[in-house]
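Please find one structure pasted underneath; my questions will follow.
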There are 2 protein chains.
Amino acid sequence: MGVTRVYSYTLAGKAGVTPEQVRKDFSEYGIKGNRRGGYLTESLVREIEVIFSRDRESNVVVVGMGNLGQALSRYERFAGRGINIVATFDIDPYKHKSRSDIHVYPMERLEEITERFGVTVAIIAVPEISAQEVCDDLVNLGVRGIVNFSPVLLKVPQYVVVNNVNLSDEIESVILSVRRMKDEQSLFL
Amino acid sequence: MGVTRVYSYTLAGKAGVTPEQVRKDFSEYGIKGNRRGGYLTESLVREIEVIFSRDRESNVVVVGMGNLGQALSRYERFAGRGINIVATFDIDPYKHKSRSDIHVYPMERLEEITERFGVTVAIIAVPEISAQEVCDDLVNLGVRGIVNFSPVLLKVPQYVVVNNVNLSDEIESVILSVRRMKDEQSLFL
DNA sequence: GATCTATTGTGAAACAATTCACAAAATACA
DNA sequence: TGTATTTTGTGAATTGTTTCACAATAGATC
């Protein structure tokens, strides 16, 4: 875009944080700018790409091809961030055979495919009841990171990272905030 | 389930936090237990339901019926949390006409329907390019809370709450953690 | 009913994150 | 080239959160 330098306050404005935050974070990771000259976009982008491992791609599988799993497997935005959905799985792959999309494999082929693609990160989008079982299988096959869309607290060894995403919680928190704001407002009437 | 009392450590174990955390949080909201007797499940559930507004339902709309919007509109788990998806919208409702699901309305009917159902919270699942415009429309129609699945920082008046959910970020953070753990481990070799 | 024990409730302490404030340095400009 | 100005980089101060530690007390036990 022809911009050669950015300043902490420029980035802060775009990101919705304070300039100090931007500078502290950069400083933490050894990113240096020029006093008075700001940060050079070109080298900044390169350094951030390295920090976020954007210089390498990651092969990821999705387990559970219900509505959410299908949406995730078709999510175009992952590609630009080095996230490759290499395969998807479901106990009943025929039920969810999707036109013009990544193939849905039966659970039996989990081992073969995680091995082939060197998968270490998986997305769990199965129903509550089978989440722990799927998780155990994945961990046994060498998966070390899990993004968990099921509403259960997965039990994993300490060397496995779990990130829980709960869509109901996300919406509920907004509903609560809105209600609180309204309550506060009505105090002035 | 026949359980009449629970203890802070029971709940903490299930939730993956410390017992102190549970007690501090309860204390913050005026929930009292009995020393030595723990918390009475029945009254505890009631109090939590009030705090989380689970005693009332909320009408919510989904704007943008791509893959993610469709998945969200079919997400069964919302119902049990007092979250009612009352309508969904898309610029091209015919493209996404889904069998046996909530009707997809054209954007022109946003006003009519938000008014009819008293909608104050909306989910934005439209492409990046149209997110701010949709957001402005919603705010003008009285929406005061937004769950934003698009990767843009929405500009809203201070009286509007925005919760950003970025699926790429969620997955990337796990990828990063896994890579860091591996790097640490290889130091011991 | 007296004593013992488990659990709460909460100040105080420790820890973590954010903001402030300003010296140091690079650029702009005369 | 010298001076003025802008922006970084970061210690110090502040603010926020989590953990500790223990008195208070309800319930269990004898």
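Each chain gets a letter, A, B and so on, in the order the sequences are listed, and its residues count up from 1. What you see below is based on every heavy atom in this structure, not just the backbone, and it leaves out hydrogens, waters and symmetry mates.
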How long is the line joining OH of A/Tyr9 and P of C/dC20, in whole Å?
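In whole Å, C/dC20 P and A/Tyr9 OH are 18 Å from each other.
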
If you take any heavy atom closer than 4.0 Å to DNA chain D, which residues from residues 44-52 of chain A end up in contact?
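Nothing qualifies; none.
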
Which pairs with one or both residues in residues 23-35 of chain B pass side-chain hydrogen bond (donor to acceptor under 3.5 Å, both in side chains), sequence neighbours excluded?
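Applying side-chain hydrogen bond (donor to acceptor under 3.5 Å, both in side chains) to every pair that reaches into residues 23-35 of chain B, excluding sequence neighbours, yields B/Ser8-B/Arg23.
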
Please list, chain by chain and in numerical order, all residues satisfying side chain to side chain donor-acceptor pair (under 3.5 Å) with B/Ser150, sequence neighbours excluded.
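B/Ser150 satisfies side chain to side chain donor-acceptor pair (under 3.5 Å) with B/Asn148 once adjacent residues are dropped.
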
Determine, for nucleotides 22-30 of chain C in 5'-to-3' order, which nucleotides have protein heavy atoms under 4.0 Å from the base (write B), from only the sugar-phosphate (write S), or from neither (write -).
-BBBBBS--

ring-ring contact (aromatic ring centres under 6.0 Å, His included) partner of A/Tyr39, the single match among A/Tyr7, A/Tyr9, A/Phe26
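Considering A/Tyr7, A/Tyr9, A/Phe26, a ring-ring contact (aromatic ring centres under 6.0 Å, His included) with A/Tyr39 is found only for A/Phe26.
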
I need the CD-C1' distance between B/Glu28 and C/dG11, as an integer number of Å.
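My rounded result for the distance is 15 Å.
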
A/Ile31 CD1 to D/dT10 C1': how many Å, rounded?
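Atom-to-atom, A/Ile31 to D/dT10, this comes out as 16 Å.
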
I want to check one thing: is the phosphate of C/dT10, taken as OP1 and OP2, less than 4.0 Å away from some side-chain N or O of B/Ser27?
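Checking C/dT10 against B/Ser27, a side-chain N or O does come within under 4.0 Å of OP1 or OP2.
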
Do the side chain of B/Arg5 and the main chain of B/Gly37 share a donor and acceptor less than 3.5 angstrom apart?
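Yes, B/Arg5 side chain to B/Gly37 backbone: donor-acceptor pair under 3.5 Å.
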
Taking the basic N atoms (NZ, or NE/NH1/NH2) and the acidic carboxylate oxygens, is any pair closer than 4.0 Å for B/Asp169 and A/Arg81?
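A salt bridge links B/Asp169 with A/Arg81.
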
How close or far is atom C1' of D/dA21 from atom CD of B/Glu20, stated in whole angstroms?
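About 10 Å, once rounded to whole Å.
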
Only distances under 3.5 Å count here; give the side-chain donor-acceptor pairs of residues 42-60 of chain B to other protein atoms, sequence neighbours excluded, each with its distance to 0.1 Å.
unit_1: B/Ser43; atom_1: OG; unit_2: B/Leu40; atom_2: O; d: 3.3
unit_1: B/Arg54; atom_1: NE; unit_2: A/Glu172; atom_2: OE2; d: 2.6
unit_1: B/Arg54; atom_1: NH2; unit_2: A/Glu172; atom_2: OE1; d: 3.0
unit_1: B/Arg54; atom_1: NH2; unit_2: A/Glu172; atom_2: OE2; d: 3.1
unit_1: B/Glu57; atom_1: OE1; unit_2: B/Asn84; atom_2: ND2; d: 2.7
unit_1: B/Ser58; atom_1: OG; unit_2: A/Arg179; atom_2: NH2; d: 2.9
unit_1: B/Asn59; atom_1: ND2; unit_2: B/Phe117; atom_2: O; d: 2.9

Quick check on DNA chain C: between A/Thr18 and B/Lys32, whose nearest nucleotide comes earlier from the 5' end?
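Nearer the 5' end of the strand: B/Lys32.
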
Quick check: do A/Ile85 and A/Leu72 have side-chain heavy atoms less than 4.5 Å from each other?
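Side-chain contact under 4.5 Å: no.
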
For atom CZ of A/Phe26 and atom P of D/dT10, their distance in whole Å
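One finds 14 Å between P of D/dT10 and CZ of A/Phe26, rounded.
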
Rounded to the nearest Å, what distance is computed from the CD atom of residue B/Gln21 to the P atom of nucleotide C/dT10?
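Checked: the CD to P distance equals 15 Å.
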
Test of understanding: with side chain to side chain donor-acceptor pair (under 3.5 Å), list the residues that count as partners of B/Glu108, not counting sequence neighbours.
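Partners of B/Glu108 by the side chain to side chain donor-acceptor pair (under 3.5 Å) criterion come out as none, since no residue qualifies.
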
For A/Tyr39, report the nucleic acid contact type (base, sugar-phosphate, nothing); a contact means any heavy atom under 4.0 Å.
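Sugar-phosphate: the residue A/Tyr39, judged by heavy atoms under 4.0 Å, touches backbone atoms but no base.
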
Taking N and O atoms by type only, does the side chain of B/Lys24 place a donor or acceptor under 3.5 Å from a partner on the base of C/dT10?
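Check fails, no donor-acceptor contact within cut-off.
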
Please say whether more than 12 non-hydrogen atoms of neighbouring residues, nucleotides or ligands are located less than 6.0 Å from CD in B/Glu111.
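No.
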
